[in-house]
There are 2 protein chains.
Amino acid sequence: MMIPRAAKTQRRTRIQEEKEEKILEAALDVFSANGFRGATIDQIAEAAGMSKPNLLYYFRTKEAIHRALLDRMLFTWLEPLQAFDPEGNPETEIRSYIRRKLEMSRDFPRESRLFANEIIQGAQHIEDELKGPLKELVDEKAEVIRAWIKAGKIAKCDPYHLIFSIWSTTQHYADFDVQVQAVLGDKSGEGRFEDAARFLEDLFMRGLAIKPATG
Amino acid sequence: MMIPRAAKTQRRTRIQEEKEEKILEAALDVFSANGFRGATIDQIAEAAGMSKPNLLYYFRTKEAIHRALLDRMLFTWLEPLQAFDPEGNPETEIRSYIRRKLEMSRDFPRESRLFANEIIQGAQHIEDELKGPLKELVDEKAEVIRAWIKAGKIAKCDPYHLIFSIWSTTQHYADFDVQVQAVLGDKSGEGRFEDAARFLEDLFMRGLAIKPATG
DNA sequence: TCGATATTTGACCGATTGGTAAAAGCTTAC
DNA sequence: GTAAGCTTTTACCAATCGGTCAAATATCGA
(Lines give C-alpha, C1' and ligand atoms only; values in the text may rest on other atoms or scores of the structure.)
Protein backbone atom coordinates (compact mmCIF):
# COMPACT_ATOMS: atom_id res chain seq x y z
CA MET A 1 0.00 0.00 0.00
CA MET A 2 1.11 3.53 -0.66
CA ILE A 3 2.40 5.41 2.30
CA PRO A 4 0.57 8.73 2.65
CA ARG A 5 2.82 11.70 1.94
CA ALA A 6 2.42 13.19 5.36
CA ALA A 7 3.86 10.10 6.99
CA LYS A 8 6.98 10.03 4.85
CA THR A 9 9.91 10.71 7.06
CA GLN A 10 12.56 10.84 4.40
CA ARG A 11 12.99 11.41 0.71
CA ARG A 12 12.33 8.27 -1.27
CA THR A 13 12.82 8.42 -4.94
CA ARG A 14 14.82 10.37 -7.46
CA ILE A 15 11.56 11.19 -9.23
CA GLN A 16 10.14 12.79 -6.15
CA GLU A 17 13.11 15.04 -5.76
CA GLU A 18 13.09 16.06 -9.39
CA LYS A 19 9.38 16.72 -9.59
CA GLU A 20 9.19 18.67 -6.37
CA GLU A 21 12.04 20.79 -7.65
CA LYS A 22 10.23 21.41 -10.90
CA ILE A 23 7.04 22.32 -9.10
CA LEU A 24 8.73 24.78 -6.77
CA GLU A 25 10.54 26.37 -9.68
CA ALA A 26 7.27 26.82 -11.56
CA ALA A 27 5.48 27.99 -8.43
CA LEU A 28 8.12 30.63 -7.87
CA ASP A 29 7.33 32.05 -11.29
CA VAL A 30 3.61 32.06 -10.71
CA PHE A 31 3.44 33.19 -7.09
CA SER A 32 5.99 35.95 -7.59
CA ALA A 33 4.08 37.25 -10.57
CA ASN A 34 0.58 37.09 -9.11
CA GLY A 35 0.68 36.83 -5.35
CA PHE A 36 -0.87 33.96 -3.44
CA ARG A 37 -4.53 34.64 -4.18
CA GLY A 38 -3.82 35.55 -7.77
CA ALA A 39 -1.92 32.37 -8.51
CA THR A 40 -3.72 29.19 -9.55
CA ILE A 41 -2.72 25.57 -9.30
CA ASP A 42 -3.47 25.12 -12.98
CA GLN A 43 -0.98 27.85 -13.87
CA ILE A 44 1.70 26.23 -11.74
CA ALA A 45 0.96 22.78 -13.12
CA GLU A 46 1.18 24.02 -16.68
CA ALA A 47 4.41 25.89 -16.00
CA ALA A 48 5.81 22.74 -14.43
CA GLY A 49 4.71 20.68 -17.40
CA MET A 50 2.48 18.29 -15.55
CA SER A 51 -1.19 17.67 -14.88
CA LYS A 52 -2.91 19.23 -11.92
CA PRO A 53 -3.67 15.95 -10.14
CA ASN A 54 -0.09 14.94 -10.66
CA LEU A 55 1.12 18.14 -9.05
CA LEU A 56 -1.29 17.64 -6.19
CA TYR A 57 0.25 14.23 -5.66
CA TYR A 58 3.43 15.97 -4.53
CA PHE A 59 1.90 18.92 -2.71
CA ARG A 60 -1.52 18.37 -1.27
CA THR A 61 -2.65 21.99 -1.40
CA LYS A 62 -1.80 25.32 -2.95
CA GLU A 63 -0.88 26.47 0.54
CA ALA A 64 1.61 23.63 0.88
CA ILE A 65 3.48 24.70 -2.24
CA HIS A 66 3.56 28.27 -1.03
CA ARG A 67 4.74 27.24 2.42
CA ALA A 68 7.51 25.09 0.98
CA LEU A 69 8.68 27.96 -1.18
CA LEU A 70 8.74 30.44 1.68
CA ASP A 71 10.46 28.01 4.03
CA ARG A 72 13.26 27.25 1.65
CA MET A 73 13.68 30.94 0.88
CA LEU A 74 13.58 32.47 4.32
CA PHE A 75 16.99 31.18 5.29
CA THR A 76 18.60 32.28 2.04
CA TRP A 77 17.00 35.65 2.32
CA LEU A 78 18.34 36.41 5.75
CA GLU A 79 21.78 35.07 5.03
CA PRO A 80 23.38 38.40 3.99
CA LEU A 81 22.26 40.02 7.24
CA GLN A 82 23.54 36.99 9.18
CA ALA A 83 26.94 37.59 7.66
CA PHE A 84 27.03 41.07 9.15
CA ASP A 85 30.10 40.80 11.37
CA PRO A 86 30.37 42.64 14.72
CA GLU A 87 34.15 42.31 14.59
CA GLY A 88 34.48 43.71 11.09
CA ASN A 89 34.84 47.40 10.44
CA PRO A 90 31.75 49.39 9.50
CA GLU A 91 32.88 50.38 6.04
CA THR A 92 33.58 46.84 4.90
CA GLU A 93 30.50 45.38 6.53
CA ILE A 94 27.99 47.91 5.29
CA ARG A 95 29.51 48.11 1.83
CA SER A 96 29.43 44.37 1.38
CA TYR A 97 25.94 44.09 2.84
CA ILE A 98 24.70 46.55 0.25
CA ARG A 99 26.54 44.76 -2.48
CA ARG A 100 25.20 41.36 -1.46
CA LYS A 101 21.63 42.55 -1.24
CA LEU A 102 21.94 44.18 -4.63
CA GLU A 103 23.34 41.00 -6.12
CA MET A 104 20.38 39.11 -4.74
CA SER A 105 18.02 41.58 -6.38
CA ARG A 106 19.85 41.04 -9.65
CA ASP A 107 20.17 37.27 -9.44
CA PHE A 108 16.99 36.32 -7.59
CA PRO A 109 14.32 38.86 -8.49
CA ARG A 110 11.52 36.32 -8.32
CA GLU A 111 12.42 35.39 -4.78
CA SER A 112 12.43 39.05 -3.85
CA ARG A 113 9.03 39.58 -5.43
CA LEU A 114 7.64 36.50 -3.72
CA PHE A 115 8.44 38.11 -0.37
CA ALA A 116 7.34 41.54 -1.48
CA ASN A 117 3.96 40.21 -2.56
CA GLU A 118 3.61 38.30 0.65
CA ILE A 119 4.44 41.25 2.87
CA ILE A 120 2.48 43.85 0.96
CA GLN A 121 -0.55 41.61 1.10
CA GLY A 122 -0.36 41.36 4.86
CA ALA A 123 2.24 38.64 5.45
CA GLN A 124 -0.46 36.25 6.66
CA HIS A 125 1.69 33.23 5.89
CA ILE A 126 4.92 34.44 7.51
CA GLU A 127 3.78 36.60 10.39
CA ASP A 128 5.43 34.30 12.91
CA GLU A 129 8.74 34.29 11.07
CA LEU A 130 8.74 38.08 10.94
CA LYS A 131 7.98 38.53 14.62
CA GLY A 132 10.28 35.70 15.65
CA PRO A 133 13.51 34.89 13.81
CA LEU A 134 13.57 38.04 11.69
CA LYS A 135 13.00 40.39 14.59
CA GLU A 136 15.60 38.63 16.68
CA LEU A 137 18.19 38.81 13.94
CA VAL A 138 17.51 42.48 13.31
CA ASP A 139 17.61 43.24 17.03
CA GLU A 140 20.98 41.56 17.22
CA LYS A 141 22.43 43.43 14.26
CA ALA A 142 20.95 46.71 15.42
CA GLU A 143 22.97 46.22 18.57
CA VAL A 144 26.11 45.84 16.49
CA ILE A 145 25.38 49.09 14.71
CA ARG A 146 24.65 50.81 17.99
CA ALA A 147 28.06 49.72 19.25
CA TRP A 148 29.70 51.21 16.17
CA ILE A 149 27.91 54.46 16.85
CA LYS A 150 28.96 54.48 20.49
CA ALA A 151 32.54 53.83 19.43
CA GLY A 152 32.30 56.86 17.16
CA LYS A 153 32.91 54.77 14.07
CA ILE A 154 29.78 55.89 12.26
CA ALA A 155 27.43 58.81 12.60
CA LYS A 156 24.64 58.70 15.13
CA CYS A 157 21.48 57.29 13.63
CA ASP A 158 18.63 54.86 14.28
CA PRO A 159 20.00 51.38 13.49
CA TYR A 160 16.59 49.94 12.66
CA HIS A 161 15.82 52.58 10.09
CA LEU A 162 19.30 52.16 8.69
CA ILE A 163 18.58 48.50 8.09
CA PHE A 164 15.18 49.30 6.60
CA SER A 165 16.75 51.79 4.23
CA ILE A 166 19.27 49.26 2.99
CA TRP A 167 16.55 46.69 2.48
CA SER A 168 14.28 49.05 0.62
CA THR A 169 16.86 50.66 -1.65
CA THR A 170 18.38 47.36 -2.72
CA GLN A 171 15.20 45.32 -3.08
CA HIS A 172 13.70 48.14 -5.12
CA TYR A 173 15.76 46.99 -8.10
CA ALA A 174 14.09 43.58 -8.02
CA ASP A 175 10.58 44.42 -6.90
CA PHE A 176 10.09 47.57 -8.94
CA ASP A 177 12.24 46.51 -11.86
CA VAL A 178 9.67 47.33 -14.52
CA GLN A 179 9.40 50.84 -13.19
CA VAL A 180 13.16 51.27 -13.00
CA GLN A 181 13.52 50.05 -16.55
CA ALA A 182 10.66 52.19 -17.78
CA VAL A 183 12.25 55.31 -16.30
CA LEU A 184 15.80 54.54 -17.34
CA GLY A 185 14.64 53.55 -20.81
CA ASP A 186 17.38 52.54 -23.23
CA LYS A 187 20.01 53.69 -20.78
CA SER A 188 19.26 50.63 -18.69
CA GLY A 189 21.31 47.66 -19.74
CA GLU A 190 22.57 45.40 -17.03
CA GLY A 191 24.68 48.40 -16.03
CA ARG A 192 21.88 49.67 -13.85
CA PHE A 193 22.95 47.37 -11.06
CA GLU A 194 26.49 48.69 -11.09
CA ASP A 195 25.25 52.27 -11.20
CA ALA A 196 22.96 51.49 -8.30
CA ALA A 197 25.79 49.89 -6.34
CA ARG A 198 28.02 52.90 -6.84
CA PHE A 199 25.26 55.30 -5.90
CA LEU A 200 24.12 53.41 -2.83
CA GLU A 201 27.59 52.77 -1.49
CA ASP A 202 28.41 56.46 -1.81
CA LEU A 203 25.11 57.49 -0.27
CA PHE A 204 25.48 55.28 2.75
CA MET A 205 29.18 55.86 3.27
CA ARG A 206 28.74 59.60 3.23
CA GLY A 207 25.40 59.39 4.98
CA LEU A 208 27.00 57.52 7.85
CA ALA A 209 29.98 59.86 7.78
CA ILE A 210 32.33 57.00 6.97
CA LYS A 211 35.38 58.22 5.15
CA PRO A 212 36.47 55.78 2.47
CA ALA A 213 39.68 54.02 3.29
CA THR A 214 42.37 55.57 1.16
CA GLY A 215 45.05 53.10 2.11
CA MET B 1 -34.61 54.50 -22.80
CA MET B 2 -31.59 54.23 -20.64
CA ILE B 3 -28.48 55.78 -22.08
CA PRO B 4 -25.62 53.27 -22.03
CA ARG B 5 -22.92 54.22 -19.58
CA ALA B 6 -20.22 54.48 -22.18
CA ALA B 7 -22.10 57.20 -24.02
CA LYS B 8 -22.54 59.41 -21.00
CA THR B 9 -20.54 62.52 -21.48
CA GLN B 10 -21.09 64.05 -18.09
CA ARG B 11 -22.02 63.11 -14.58
CA ARG B 12 -25.76 62.84 -14.15
CA THR B 13 -27.07 62.11 -10.76
CA ARG B 14 -26.03 62.58 -7.18
CA ILE B 15 -26.52 58.86 -6.65
CA GLN B 16 -24.04 58.00 -9.35
CA GLU B 17 -21.41 60.17 -7.80
CA GLU B 18 -21.97 58.74 -4.35
CA LYS B 19 -22.03 55.12 -5.42
CA GLU B 20 -19.01 55.36 -7.66
CA GLU B 21 -17.17 56.93 -4.77
CA LYS B 22 -18.20 54.11 -2.47
CA ILE B 23 -17.14 51.49 -5.00
CA LEU B 24 -13.73 53.02 -5.57
CA GLU B 25 -13.19 53.32 -1.84
CA ALA B 26 -14.04 49.65 -1.37
CA ALA B 27 -12.02 48.64 -4.41
CA LEU B 28 -8.98 50.42 -3.01
CA ASP B 29 -9.21 48.24 0.07
CA VAL B 30 -9.54 45.04 -1.89
CA PHE B 31 -7.09 45.65 -4.71
CA SER B 32 -4.40 47.01 -2.41
CA ALA B 33 -4.73 43.97 -0.18
CA ASN B 34 -4.83 41.30 -2.88
CA GLY B 35 -3.55 42.64 -6.17
CA PHE B 36 -5.61 42.65 -9.34
CA ARG B 37 -5.89 38.93 -9.92
CA GLY B 38 -6.38 38.18 -6.27
CA ALA B 39 -9.24 40.63 -5.86
CA THR B 40 -12.81 39.62 -6.66
CA ILE B 41 -15.82 41.68 -7.63
CA ASP B 42 -17.80 39.99 -4.89
CA GLN B 43 -15.31 41.19 -2.28
CA ILE B 44 -15.51 44.72 -3.57
CA ALA B 45 -19.30 44.64 -3.77
CA GLU B 46 -19.56 43.40 -0.21
CA ALA B 47 -17.10 45.99 1.05
CA ALA B 48 -19.09 48.66 -0.75
CA GLY B 49 -22.34 47.37 0.74
CA MET B 50 -24.09 46.59 -2.50
CA SER B 51 -24.95 43.64 -4.71
CA LYS B 52 -22.57 42.53 -7.43
CA PRO B 53 -24.92 43.35 -10.32
CA ASN B 54 -25.53 46.72 -8.77
CA LEU B 55 -21.82 47.40 -8.68
CA LEU B 56 -21.48 46.23 -12.27
CA TYR B 57 -24.10 48.78 -13.22
CA TYR B 58 -21.58 51.50 -12.39
CA PHE B 59 -18.43 49.80 -13.61
CA ARG B 60 -18.89 47.30 -16.37
CA THR B 61 -15.86 45.18 -15.57
CA LYS B 62 -13.34 44.51 -12.84
CA GLU B 63 -10.76 46.07 -15.13
CA ALA B 64 -12.79 49.26 -15.34
CA ILE B 65 -12.78 49.68 -11.57
CA HIS B 66 -9.07 49.08 -11.45
CA ARG B 67 -8.44 51.51 -14.28
CA ALA B 68 -10.52 54.20 -12.64
CA LEU B 69 -8.61 53.76 -9.39
CA LEU B 70 -5.21 53.96 -11.06
CA ASP B 71 -6.21 56.94 -13.16
CA ARG B 72 -7.39 58.98 -10.24
CA MET B 73 -4.32 58.04 -8.24
CA LEU B 74 -1.57 58.56 -10.76
CA PHE B 75 -1.82 62.32 -10.65
CA THR B 76 -1.86 62.45 -6.86
CA TRP B 77 1.04 60.09 -6.69
CA LEU B 78 3.30 62.16 -8.88
CA GLU B 79 2.36 65.44 -7.29
CA PRO B 80 5.19 65.57 -4.73
CA LEU B 81 7.77 65.10 -7.46
CA GLN B 82 6.02 67.75 -9.57
CA ALA B 83 6.48 70.17 -6.70
CA PHE B 84 10.24 69.70 -6.86
CA ASP B 85 11.37 73.25 -7.63
CA PRO B 86 14.42 73.98 -9.82
CA GLU B 87 14.64 77.47 -8.32
CA GLY B 88 14.57 76.24 -4.73
CA ASN B 89 17.70 75.27 -2.88
CA PRO B 90 18.62 71.59 -2.70
CA GLU B 91 18.32 71.25 1.05
CA THR B 92 14.77 72.58 1.21
CA GLU B 93 13.63 70.73 -1.88
CA ILE B 94 15.01 67.33 -1.03
CA ARG B 95 14.04 67.57 2.62
CA SER B 96 10.49 68.47 1.81
CA TYR B 97 10.27 65.85 -0.92
CA ILE B 98 11.26 63.18 1.57
CA ARG B 99 8.83 64.54 4.11
CA ARG B 100 5.95 64.64 1.64
CA LYS B 101 6.55 61.13 0.39
CA LEU B 102 6.74 59.88 3.94
CA GLU B 103 3.49 61.62 4.79
CA MET B 104 1.88 59.93 1.83
CA SER B 105 3.06 56.57 3.09
CA ARG B 106 1.56 57.37 6.45
CA ASP B 107 -1.72 58.83 5.23
CA PHE B 108 -2.33 56.82 2.06
CA PRO B 109 -0.82 53.39 2.57
CA ARG B 110 -3.49 51.67 0.52
CA GLU B 111 -2.76 53.85 -2.47
CA SER B 112 0.92 53.05 -2.11
CA ARG B 113 0.23 49.34 -1.94
CA LEU B 114 -2.08 49.52 -4.93
CA PHE B 115 0.82 50.80 -7.01
CA ALA B 116 3.31 48.47 -5.41
CA ASN B 117 1.15 45.46 -6.23
CA GLU B 118 0.64 46.69 -9.74
CA ILE B 119 4.33 47.27 -10.42
CA ILE B 120 5.60 44.13 -8.73
CA GLN B 121 3.15 42.10 -10.75
CA GLY B 122 4.45 43.51 -14.01
CA ALA B 123 2.65 46.85 -14.34
CA GLN B 124 0.57 45.50 -17.20
CA HIS B 125 -2.15 48.07 -16.62
CA ILE B 126 0.11 51.13 -16.36
CA GLU B 127 3.03 50.37 -18.62
CA ASP B 128 2.21 53.32 -20.85
CA GLU B 129 2.00 55.74 -17.95
CA LEU B 130 5.37 54.59 -16.66
CA LYS B 131 7.12 54.92 -19.98
CA GLY B 132 5.33 58.16 -20.82
CA PRO B 133 4.38 60.74 -18.21
CA LEU B 134 6.39 59.23 -15.38
CA LYS B 135 9.58 58.89 -17.37
CA GLU B 136 9.23 62.45 -18.69
CA LEU B 137 8.71 63.85 -15.24
CA VAL B 138 11.66 61.96 -13.81
CA ASP B 139 13.86 62.99 -16.74
CA GLU B 140 12.93 66.59 -16.08
CA LYS B 141 13.67 66.43 -12.38
CA ALA B 142 16.87 64.48 -12.94
CA GLU B 143 17.98 67.44 -15.01
CA VAL B 144 17.32 69.74 -12.07
CA ILE B 145 19.42 67.55 -9.82
CA ARG B 146 22.17 67.42 -12.40
CA ALA B 147 22.21 71.20 -12.46
CA TRP B 148 22.59 71.30 -8.69
CA ILE B 149 25.52 68.93 -8.98
CA LYS B 150 27.15 71.02 -11.68
CA ALA B 151 26.69 74.10 -9.55
CA GLY B 152 28.49 72.29 -6.75
CA LYS B 153 25.48 72.50 -4.48
CA ILE B 154 25.29 68.77 -3.82
CA ALA B 155 27.69 65.88 -4.16
CA LYS B 156 28.15 64.20 -7.48
CA CYS B 157 25.77 61.28 -7.90
CA ASP B 158 23.41 59.62 -10.35
CA PRO B 159 20.16 61.63 -10.21
CA TYR B 160 17.98 58.72 -11.29
CA HIS B 161 19.23 56.45 -8.56
CA LEU B 162 18.84 59.28 -6.10
CA ILE B 163 15.17 59.53 -7.00
CA PHE B 164 14.78 55.74 -6.84
CA SER B 165 16.32 55.70 -3.38
CA ILE B 166 13.94 58.34 -2.10
CA TRP B 167 10.99 56.48 -3.55
CA SER B 168 12.01 53.16 -2.12
CA THR B 169 12.96 54.31 1.36
CA THR B 170 9.80 56.32 1.87
CA GLN B 171 7.32 53.92 0.28
CA HIS B 172 8.81 51.11 2.31
CA TYR B 173 6.91 52.38 5.34
CA ALA B 174 3.61 51.91 3.56
CA ASP B 175 4.26 48.83 1.45
CA PHE B 176 6.20 46.82 4.00
CA ASP B 177 4.42 48.17 7.04
CA VAL B 178 3.70 44.78 8.58
CA GLN B 179 7.38 43.91 8.40
CA VAL B 180 8.41 47.24 9.87
CA GLN B 181 5.95 46.82 12.70
CA ALA B 182 6.95 43.21 13.28
CA VAL B 183 10.59 44.20 13.61
CA LEU B 184 10.04 47.32 15.66
CA GLY B 185 7.58 45.49 17.89
CA ASP B 186 6.14 47.51 20.76
CA LYS B 187 8.57 50.31 20.06
CA SER B 188 6.52 51.21 17.02
CA GLY B 189 3.74 53.60 17.79
CA GLU B 190 2.99 56.27 15.25
CA GLY B 191 6.41 57.56 16.19
CA ARG B 192 8.00 55.32 13.58
CA PHE B 193 7.20 57.84 10.89
CA GLU B 194 8.94 60.64 12.73
CA ASP B 195 11.93 58.44 13.46
CA ALA B 196 12.03 57.50 9.80
CA ALA B 197 11.82 61.13 8.74
CA ARG B 198 14.68 62.10 11.01
CA PHE B 199 16.79 59.19 9.84
CA LEU B 200 16.13 59.68 6.14
CA GLU B 201 16.63 63.42 6.18
CA ASP B 202 19.96 62.97 7.93
CA LEU B 203 21.01 60.17 5.62
CA PHE B 204 20.26 62.10 2.46
CA MET B 205 21.57 65.44 3.68
CA ARG B 206 24.87 63.93 4.70
CA GLY B 207 24.85 61.52 1.79
CA LEU B 208 24.55 64.41 -0.62
CA ALA B 209 27.07 66.41 1.38
CA ILE B 210 24.56 69.12 2.13
CA LYS B 211 25.40 70.94 5.30
CA PRO B 212 22.27 71.84 7.26
CA ALA B 213 21.54 75.53 7.31
CA THR B 214 22.46 76.78 10.74
CA GLY B 215 20.87 80.18 10.30
C1' DT C 1 9.93 -11.89 -14.19
C1' DC C 2 6.95 -10.68 -11.02
C1' DG C 3 4.70 -8.34 -7.44
C1' DA C 4 4.72 -4.32 -4.63
C1' DT C 5 4.88 0.22 -4.72
C1' DA C 6 5.30 4.74 -6.89
C1' DT C 7 3.48 7.75 -10.39
C1' DT C 8 0.25 9.53 -13.71
C1' DT C 9 -4.11 10.19 -15.80
C1' DG C 10 -8.99 11.37 -16.92
C1' DA C 11 -13.22 12.11 -15.20
C1' DC C 12 -15.35 14.49 -11.90
C1' DC C 13 -17.05 17.62 -7.71
C1' DG C 14 -18.99 21.63 -5.40
C1' DA C 15 -17.71 26.41 -4.81
C1' DT C 16 -16.38 30.62 -6.73
C1' DT C 17 -15.26 33.41 -10.57
C1' DG C 18 -16.59 37.49 -13.90
C1' DG C 19 -20.47 38.86 -16.01
C1' DT C 20 -25.62 39.04 -18.12
C1' DA C 21 -30.87 39.42 -18.69
C1' DA C 22 -34.91 41.02 -17.50
C1' DA C 23 -38.00 42.68 -14.64
C1' DA C 24 -39.13 45.26 -10.49
C1' DG C 25 -38.66 49.44 -7.80
C1' DC C 26 -37.39 54.11 -7.37
C1' DT C 27 -36.69 59.38 -8.72
C1' DT C 28 -37.62 63.18 -10.78
C1' DA C 29 -39.24 66.65 -14.14
C1' DC C 30 -43.34 67.98 -15.88
C1' DG D 1 -49.81 61.93 -10.74
C1' DT D 2 -47.54 60.09 -14.24
C1' DA D 3 -44.36 58.70 -17.48
C1' DA D 4 -39.60 58.44 -18.70
C1' DG D 5 -35.54 57.27 -17.25
C1' DC D 6 -32.51 55.77 -13.33
C1' DT D 7 -31.39 52.19 -9.95
C1' DT D 8 -31.63 47.75 -7.78
C1' DT D 9 -32.62 42.97 -7.45
C1' DT D 10 -33.36 38.06 -8.57
C1' DA D 11 -32.13 34.53 -11.17
C1' DC D 12 -28.95 32.85 -13.91
C1' DC D 13 -24.70 31.54 -17.05
C1' DA D 14 -20.34 29.44 -18.62
C1' DA D 15 -15.68 29.25 -17.10
C1' DT D 16 -12.48 28.53 -13.68
C1' DC D 17 -11.27 27.52 -9.01
C1' DG D 18 -9.05 24.10 -5.46
C1' DG D 19 -9.23 19.49 -4.82
C1' DT D 20 -10.72 14.17 -4.99
C1' DC D 21 -11.06 9.51 -6.77
C1' DA D 22 -10.28 5.26 -8.93
C1' DA D 23 -8.22 3.25 -12.40
C1' DA D 24 -4.24 2.86 -15.39
C1' DT D 25 0.62 2.81 -15.90
C1' DA D 26 5.50 3.05 -14.83
C1' DT D 27 9.36 1.72 -11.77
C1' DC D 28 12.14 -1.14 -9.16
C1' DG D 29 13.89 -4.65 -5.85
C1' DA D 30 13.97 -9.63 -5.21
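Reminder, nothing fancy here: chain letters follow the sequence lines and each chain counts from 1.
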- Message: What is the separation between atom NZ on B:K19 and atom P on C:dT27, rounded to the nearest whole Å?
- Response: 10 Å

- Query: Can you name the residues that form a side chain to side chain donor-acceptor pair (under 3.5 Å) with A:T40, not counting sequence neighbours?
  - Reply: A:Q43

- Under the side-chain contact (heavy atoms from CB on, under 4.5 Å) test, residues paired with B:E87 that sit two or more places apart: B:D85

- Query: Of all residues at least two apart in sequence or in a different chain, which pass the salt bridge (charged side-chain N to carboxylate O under 4.0 Å, His left out) check with A:E111?
  - Reply: none

- Those residues that, when tested against B:P90, pass side-chain contact (heavy atoms from CB on, under 4.5 Å) (two or more places apart): B:W148, B:K153, B:I154, B:I210

Provide a list of protein-nucleic acid N or O atom pairs under 3.5 angstrom, restricted to nucleotides 9-15 of chain C.
residue, atom, partner, partner atom, Å
C:dT9, OP2, A:S51, OG, 3.4

- Item | A:R67 with A:E63: basic N within carboxylate O range, under 4.0 Å | no

- Interface residues of residues 29-44 of chain B with DNA chain C (non-hydrogen, below 4.0 angstrom): B:A39, B:T40, B:I41, B:D42

- Item | For atom CG of B:L56 and atom P of D:dA11, their distance in whole Å | 18 Å

- Item | Qualifying residues under side chain to side chain donor-acceptor pair (under 3.5 Å), relative to A:W167, sequence neighbours excluded | A:Y97

- What is the distance from CD of B:E17 to C1' of D:dC6, rounded to the nearest Å? 15 Å

- Message: What is the separation between atom CZ on A:F59 and atom P on D:dG18, rounded to the nearest whole Å?
- Response: 16 Å

- Task: With sequence neighbours excluded, tell me which residues meet salt bridge (charged side-chain N to carboxylate O under 4.0 Å, His left out) with B:E25.
- Result: B:R110

- Query: Should the pair B:F164 and A:Y173 be assigned to parallel (<30°), tilted (30 to 60°) or perpendicular (>60°) ring geometry?
  - Reply: perpendicular

- side-chain contact (heavy atoms from CB on, under 4.5 Å) involving A:E103 - partner list, sequence neighbours excluded: A:R99, A:R106, A:D107

- Note on the structure: Correct closest heavy-atom pair for B:C157 and B:L208 would be SG-CD2, 3.8 Å

- Item | Rounded interatomic separation in angstrom, taking CD from A:E18 and C1' from C:dA6 | 14 Å

- Nearest-Å distance for atom pair CZ/P, residues B:R60 and C:dT20: 9 Å

- Item | Pair B:R192 + B:D177, salt bridge at N-O below 4.0 Å | yes

Polar atom pairs between nucleotides 22-25 of chain C and protein, under 3.5 Å, N or O only, would you list them?
none

- Message: Let's see if you get this right: which residues in residues 61-69 of chain B place a heavy atom under 4.0 Å from DNA chain C?
- Response: B:T61, B:K62

- Message: Please find the pair of heavy atoms, one from A:L81 and one from A:K141, that lie closest to each other, and give the distance.
- Response: O-CE, 3.2 Å

- Message: It should be established whether B:Q16 places a side-chain nitrogen or oxygen under 4.0 Å from OP1 or OP2 of nucleotide D:dT7.
- Response: yes

- With sequence neighbours excluded, what pairs up with A:F31 under the ring pair (Phe, Tyr, Trp, His ring centres under 6.0 Å) test? A:F36, A:H66

